[in-house]
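Okay, structure first, notes after.
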Amino acid sequence: MRPLPDIRSAEIAGKTVLVRADLNVPLKNGIVADATRIVRFAPTVRDLLARGATVVVMTHLGRPGGDANPIYSVRPVTATLSSEVGREVVFVPDCVGPTAEKAAKHHQDGKVLLLENLRFHKGEEANSRNFALRLSVNGDLFVNDAFSCAHRAHASTHAIAEIMPAYAGPSLLAEVTALTAALDAPEKPVAALVGGSKVSSKIRVLKNLIGRMDHLIIGGGMANTFLAASGYRVGRSVHEPDCVSIARDIMEAAAANGCRILLPSDVTVAKMFEAEALATTVPVAAIPDEAMALDVGPRTVAEIKDVLNACRTLLWNGPLGAFEMRPFGDATFAVARHAAALSKAGQLATIAGGGDTAAALSLAGVADQITYLSTAGGAFLEWLEGCRLSGIEVLRKRVEHSETV
């Protein structure tokens, strides 16, 4: 796989760098409710400034559908970004046109510009070359530092990289390095823990992983479908009868590829799906008809820990149970803490990603103790599926083009 052009090796002093970030953060009452993405992006801006560049940041927020809806304005992000960068951040009320061009042209040294929501213009999601040309006026160089948007062929991630000198930013490079290490060139033995509610949403992920993993640990609601495919009665548990045959095919393919699938051997069940519900632990062969499996049990947790103890790499996407409600997060939290301890000891490289996974690791208190935690959602899943991401591939082509010139 060809390398990506790295902005850290480019000469940027005296130049304006136009950076695509993903600052699509949750807002509550006009205030940033979770600044994780901003905190992770800020070092990129600080480095560019320290190297003598002026910085213009562009991002999307929400799904305004091409309309300038003030509900989706990125203005509230300004204060938090300024605090994290340690410099004044000036909000620009448009991302293209005279307002943006004037701001970029008369950009004051030391200040950072934050352009208004890219998705206020239909050309963004249409991957319009014309819109990308209008964006490109705002800088001398383009940097994509938004891995979480790299699976979208949008004007600010794809078309623009074909127009102006284009580079990958540190955050994007870190993500690609971590995922490559986990999926394409892992230190073996390697395990994948895949959870979540539906097999149907992760069929391509599972099919890609069984040819790469030594162990595939399946949890969450999707494990119930695999249990049904193995002949167990799952009571009122969330599962997908239409995917039972697919689950059987995956298990057969895994066996043929030498990938061991670990399913729950015991589960925590309850008659009601609600916080503090009366719960009991039963073997998977004894799930009551009137109950739902909402978490894996302690015996399964012990089996998972044994697998992790024998592995060198863990790729994690999805919780083992309904972790948002007590007591159905116990298994996820226990495994998370064990993986974190192994990671801190240098015995296991743990690469995790997905919104629910990040939330679960945070609740377990170990989000900052594993090897790498991705904040990407769709891009992370598509990478696990083995897909080529358009925003990554267009940067690789720039390297190929420069090598042939």
Side-chain angles (χ1 to χ4, degrees), residues 2-23 37-59 74 77-92 94-96 98-116 118 132-147 149-150 155-177 391-392 394-405:
R2 287 189 176 274
L4 292 167
D6 189 340
I7 190 60
R8 292 172 294 189
S9 62
E11 178 53 56
I12 61 173
K15 296 182 179 180
T16 299
V17 180
L18 180 61
V19 187
R20 176 50 157 111
D22 183 1
L23 306 182
R37 286 181 170 173
I38 300 173
V39 171
R40 286 197 170 192
F41 170 65
T44 296
V45 180
R46 290 198 296 267
D47 178 69
L48 294 172
L49 292 170
R51 293 166 58 199
T54 53
V55 180
V56 179
V57 179
M58 55 182 178
T59 183
V74 302
V77 175
T78 306
T80 305
L81 181 60
S82 177
S83 176
E84 291 298 327
V85 171
R87 296 284 187 92
E88 181 180 353
V89 176
V90 179
F91 174 73
V92 181
D94 204 347
C95 59
V96 293
T99 300
E101 292 172 20
K102 181 178 179 181
K105 184 177 180 180
H106 299 288
H107 193 176
Q108 297 181 31
D109 290 342
K111 294 183 179 180
V112 177
L113 298 187
L114 176 62
L115 304 180
E116 181 58 285
L118 291 160
L133 282 167
R134 297 176 69 194
L135 287 173
S136 70
V137 177
N138 298 318
D140 302 310
L141 306 173
F142 166 69
V143 172
N144 189 344
D145 206 37
F147 176 86
C149 302
S156 67
T157 59
H158 188 268
I160 195 169
E162 298 179 320
I163 293 170
M164 61 192 301
Y167 299 85
S171 296
L172 184 145
L173 288 165
E175 189 105 20
V176 170
T177 298
I392 303 293
V394 71
L395 294 176
R396 293 197 196 284
K397 289 179 181 177
R398 295 307 298 260
V399 174
E400 295 170 2
H401 175 73
S402 65
E403 290 177 348
T404 58
V405 172

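For residues 78-88, the salt bridge (Lys or Arg N to Asp or Glu O under 4.0 Å) pairs, not counting sequence neighbours, are Glu88-Lys111. Residue pairs satisfying the salt bridge (Lys or Arg N to Asp or Glu O under 4.0 Å) criterion with at least one member in residues 38-52, sequence neighbours excluded, are listed as follows: Asp47-Arg51.
Taking the side-chain contact (heavy atoms from CB on, under 4.5 Å) definition, one finds that Thr78 meets it with Val89, Phe91, Leu114, sequence neighbours left out. For the side-chain hydrogen bond (donor to acceptor under 3.5 Å, both in side chains) test, residues two or more places apart in sequence or in another chain that qualify with Glu175 are Tyr372, Ser374. Remark: Asp94 engages no residue in a salt bridge (Lys or Arg N to Asp or Glu O under 4.0 Å) (not counting sequence neighbours). For Asp145, the salt bridge (Lys or Arg N to Asp or Glu O under 4.0 Å) test picks out no residue, with sequence neighbours left out. In this structure Ala103 satisfies the side-chain contact (heavy atoms from CB on, under 4.5 Å) test together with Val92, Leu113, sequence neighbours excluded.
Under the 4.5 Å side-chain criterion, counting only non-hydrogen atoms from C-beta, Leu135 is in contact with Leu118. For the pair Asp140/Pro165, no side-chain contact is recorded, criterion being any heavy-atom separation below 4.5 Å from C-beta on.
Of all heavy-atom pairs spanning Ala161 and Leu395, the tightest one is CB-CD2, 4.3 Å. In this structure, Ala155 and Ala132 approach most closely via the heavy-atom pair O-CB, 4.0 Å. Leu115 approaches Ala100 most closely through the heavy-atom pair CD2-CB, 4.4 Å. Pro5 and Ala166 make their closest contact through CG-O, 3.5 Å (heavy atoms, listed as atom of the first residue, atom of the second, distance).
Here the options are Val394, Ile392, Asn144, the test is side chain to side chain contact (heavy atoms under 4.5 Å, CB included), and the partner is His158; only Val394 passes.
Thr157 OG1 to Phe142 CZ: the interatomic distance, rounded to the nearest 0.5 Å, is 7.0 Å. Interatomic distance, Phe41 CZ to Leu81 CG, rounded to the nearest 0.5 Å: 6.5 Å. Summarising the geometry, atom CG belonging to Leu23 is positioned 10.0 Å from atom OG1 belonging to Thr80; distances are rounded to the nearest 0.5 Å. Rounding to the nearest 0.5 Å places CD of Glu101 at 9.5 Å from NZ of Lys105.
Of the possible donor and acceptor atoms, one in the side chain of Thr177 sits under 3.5 Å from a partner among the backbone N and O of Leu173. In terms of modelled atom types and a separation under 3.5 Å, the side chain of Ser136 and the main chain of Leu133 share a donor-acceptor contact.
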Report all side-chain donor-acceptor pairs from residues 12-22 shorter than 3.5 Å, counting only partners two or more places apart or in another chain.
{"from": "Thr16", "atom 1": "OG1", "to": "Thr54", "atom 2": "OG1", "distance (Å)": "2.8"}
{"from": "Arg20", "atom 1": "NE", "to": "Ser156", "atom 2": "OG", "distance (Å)": "2.8"}
{"from": "Arg20", "atom 1": "NH1", "to": "His60", "atom 2": "ND1", "distance (Å)": "3.4"}
{"from": "Arg20", "atom 1": "NH2", "to": "His60", "atom 2": "ND1", "distance (Å)": "3.3"}
{"from": "Asp22", "atom 1": "OD1", "to": "Asn24", "atom 2": "N", "distance (Å)": "3.1"}
{"from": "Asp22", "atom 1": "OD1", "to": "Arg37", "atom 2": "NH1", "distance (Å)": "3.4"}
{"from": "Asp22", "atom 1": "OD2", "to": "Arg37", "atom 2": "NH1", "distance (Å)": "3.1"}
{"from": "Asp22", "atom 1": "OD2", "to": "Ser148", "atom 2": "OG", "distance (Å)": "2.4"}

Taking it one step at a time, do Ile7 and Leu48 satisfy side chain to side chain contact (heavy atoms under 4.5 Å, CB included)? CA-CA 9 Å; Ile7 190 60; Leu48 294 172; 4.1 Å; yes

